[in-house]
J.: 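Let me begin by handing over the structure; questions about it come next.
What you see below is based on every heavy atom in this structure, not just the backbone, and it leaves out hydrogens, waters and symmetry mates. We're numbering straight along the sequence, starting at 1.
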Amino acid sequence: YQRRVHGTLYYTKRNRNQISDMVTISTILSPILDIFIVFGPTLGFIDQYRVIKKNKSVGSFSIDVCCILILANILRILFWFGNPFEKALLFQSTIMITSQILLLSVCMKYKQGEYQEKFSLSTVRSSFWRWTDFRSYVEFSLYFWISATLLTLVFIKSPLFVQALGGASVCIEASLGVPQMLQNHRTKKTAGISVPLIISWFLGDAFKTVYYVLRNQPLQFILCGITQLFIDIVILFQITLYKDKKEPHVSIPKDEEEA
């Protein structure tokens with residue numbers, strides 16, 4: 001009986017040690033996980049920036065991706081004030097907006113076709129996100145941010161508005177790959193698209209979907225992650241399907257490149 005008692009006590013202490021070790025590991029890994037959540041989604045866009053600079057062409061990359069990420073993350077930041085979620089996701093949104101602004105700057109340097117007007121309130125409908133200069137995109141983003149912030153300040157006490165804000169954010173973000181997917185289908189080519197970017201989308205979306213579930217984040221975020229995973233798979237299939245079709249190199253005049 002004594003042995004059984006001692007055995008039981010020993011077993012209990014061992015369990016406590018195991019739990020203590022697990023808590024220690026969790027404490028160490030949690031900051032690493034948060035750092036990856038903040039910076040991980042932007043890593044693929046660094047390679048896309050490099051590809052555009054190297055080819056001196058936007059190629060098949062859709063700048064609508066930048067639009068979706070800027071608008072979705074502005075709304076996500078505002079959603080945080082009404083329904084606070086993990087701060088790592090809040091910082092992620094700030095970093096993502098910055099990265100998309102930088103990516104737009106290089107896209108405008110090597111833009112081709114269908115850009116005819118500068119941004120103004122009268123051209124929002126006729127030439128939306130097809131403006132001629134980088135400043136126009138920054139101005140529109142600021143207008144959108146200020147307008148959405150004022151609206152949020154007025155209705156922040158309304159649970160319905162806050163949930164609608166979060167829903168709008170994830171619905172926009174869930175469509176991230178749609179413009180790229182449609183452009184690939186229309187042109188039947190994917191040259192100029194960074195393959196590491198799309199792979200990072202897939203891995204990032206898989207990772208963050210699990211992260212949302214484990215951290216009990218809002219349902220909107222989880223549904224967004226699942227939708228994005230499906231679209232990522234379609235785009236990866238398109239890259240495989242159209243990989244032999246090359247984008248013709250377009251040379252940029254030296255004086256225009258230095259402008």
J.: Check the surroundings of atom CG in Leu214: do more than 12 heavy atoms from other residues, nucleotides or ligands lie under 6.0 Å from it?
T.: yes

J.: Which word best sums up how the rings of Trp131 and Phe140 line up, parallel for under 30°, tilted for 30 to 60°, or perpendicular for over 60°?
T.: tilted

J.: With rounding to the nearest 0.5 angstrom, report the CG to CD distance, Leu223 to Gln228.
T.: 11.5 Å

J.: Under 4.0 Å between a Lys/Arg side-chain N and an Asp/Glu carboxylate O for Asp64 and Arg130?
T.: yes

J.: What heavy-atom pair brings Phe45 and Leu197 nearest, and what distance separates the two atoms?
T.: N-CD1, 3.6 Å

J.: Find out whether Phe237 and Leu241 are in side-chain contact, i.e. whether some heavy atom of one side chain is under 4.5 Å from a heavy atom of the other.
T.: yes

J.: In Å and rounded to the nearest 0.5 Å, what is the CD1 to CD1 distance from Ile70 to Ile101?
T.: 4.0 Å

J.: What is the minimum heavy-atom distance between Thr94 and Thr98, and which atoms define it?
T.: O-OG1, 3.0 Å

J.: Does Ser136 use its side chain to pair, donor to acceptor, with the backbone of Thr132 at less than 3.5 Å?
T.: no

J.: Val213, Phe230: one ILVMFWY side-chain cluster at the under-4.5 Å cut-off?
T.: yes

J.: Minimum heavy-atom separation for Ser169 to Ala72, with atom names?
T.: OG-O, 2.9 Å

J.: Can you find a pair of side-chain heavy atoms, one from Glu139 and one from Arg135, that are under 4.5 Å apart?
T.: yes

J.: Please tell me whether Tyr137 and Val58 are part of a single hydrophobic cluster in this structure, the criterion being side-chain heavy atoms less than 4.5 Å apart.
T.: yes

J.: Distance from Lys189 atom NZ to Asn184 atom CG, nearest 0.5 Å?
T.: 11.0 Å

J.: Show the numbers, then the answer: is there a side-chain contact (heavy atoms from CB on, under 4.5 Å) between Leu104 and Trp129?
T.: CA-CA 11 Å; Leu104 270 174; Trp129 216 252; 3.6 Å; yes

J.: Give the C-alpha distance, both sets of side-chain angles, the deciding distance and a yes or no for salt bridge (Lys or Arg N to Asp or Glu O under 4.0 Å) between Asp47 and Lys54.
T.: CA-CA 10 Å; Asp47 189 68; Lys54 177 183 177 182; over 6 Å; no

J.: Keeping the roles fixed (side chain from Ser175, backbone from Val178), state whether a donor-acceptor pair exists under 3.5 Å.
T.: no

J.: Are Val138 and Ile95 linked, directly or through intermediate hydrophobic residues, by side-chain heavy-atom contacts shorter than 4.5 Å (ILVMFWY only)?
T.: no

J.: Looking at every non-hydrogen atom in both residues, tell me the closest pair between Gly192 and Phe61 and how far apart they are.
T.: O-CB, 4.4 Å

J.: Please tabulate, for the side chains in residues 74-90, all donor-acceptor contacts under 3.5 angstrom to protein atoms that are two or more places apart in sequence or on a different chain.
T.:
unit_1	atom_1	unit_2	atom_2	d
Arg76	NH1	Gln92	OE1	2.7
Arg76	NH2	Glu173	OE1	2.9
Arg76	NH2	Glu173	OE2	3.4
Arg76	NH2	Tyr212	OH	3.4
Trp80	NE1	Phe85	O	3.1
Glu86	OE1	Arg215	NH1	3.3
Glu86	OE2	Arg215	NH1	3.4

J.: Among Ile231, Val234, Ile235, which one satisfies side-chain contact (heavy atoms from CB on, under 4.5 Å) with Gln180?
T.: Ile235

J.: Please say whether more than 12 non-hydrogen atoms of neighbouring residues, nucleotides or ligands are located less than 6.0 Å from CZ in Phe128.
T.: yes

J.: Please report the interatomic distance CD1(Ile63) to SG(Cys107), rounded to the nearest 0.5 Å.
T.: 6.5 Å

J.: Check residues 143-150 and write down every donor-acceptor pair under 3.5 Å in which the side-chain atom is one partner and the other belongs to a residue at least two apart or another chain.
T.:
unit_1	atom_1	unit_2	atom_2	d
Ser147	OG	Tyr143	O	2.8
Thr149	OG1	Trp145	O	2.7

J.: If you round to the nearest 0.5 Å, how far is CD of Gln48 from OG1 of Thr42?
T.: 13.5 Å

J.: Which distance, rounded to the nearest 0.5 Å, do you find between the CG of Asp205 and the SG of Cys224?
T.: 7.5 Å

J.: Determine, step by step, whether Thr152 and Val162 satisfy the side-chain contact (heavy atoms from CB on, under 4.5 Å) criterion, reporting the C-alpha distance in whole Å, the side-chain angles of both residues, the deciding distance to 0.1 Å, and the verdict.
T.: CA-CA 8 Å; Thr152 302; Val162 172; over 6 Å; no

J.: Among pairs that include at least one residue of residues 222-242, which meet salt bridge (charged side-chain N to carboxylate O under 4.0 Å, His left out), considering only residues two or more places apart or in two chains?
T.: none

J.: Is it the case that one hydrophobic cluster holds both Leu203 and Leu69, taking links as side-chain heavy atoms less than 4.5 Å apart, direct or via other members?
T.: yes

J.: Show the nearest heavy-atom pair for residues Ser194 and Gly44, with the distance to one decimal.
T.: OG-O, 4.3 Å

J.: Can you list the steps and then say if His185 with Tyr242 is a side-chain contact (heavy atoms from CB on, under 4.5 Å)?
T.: CA-CA 9 Å; His185 177 72; Tyr242 306 136; 4.3 Å; yes

J.: For Leu229 versus Ala206, what's the shortest heavy-atom pair and its separation?
T.: CD2-N, 3.5 Å

J.: Check whether Ile193 and Phe202 end up in the same hydrophobic cluster, where Ile, Leu, Val, Met, Phe, Trp and Tyr are linked by side-chain heavy atoms less than 4.5 Å apart.
T.: yes

J.: Could you check whether any side-chain heavy atom of Ile68 comes within less than 4.5 Å of a side-chain heavy atom of Pro179, counting everything from C-beta outward?
T.: yes

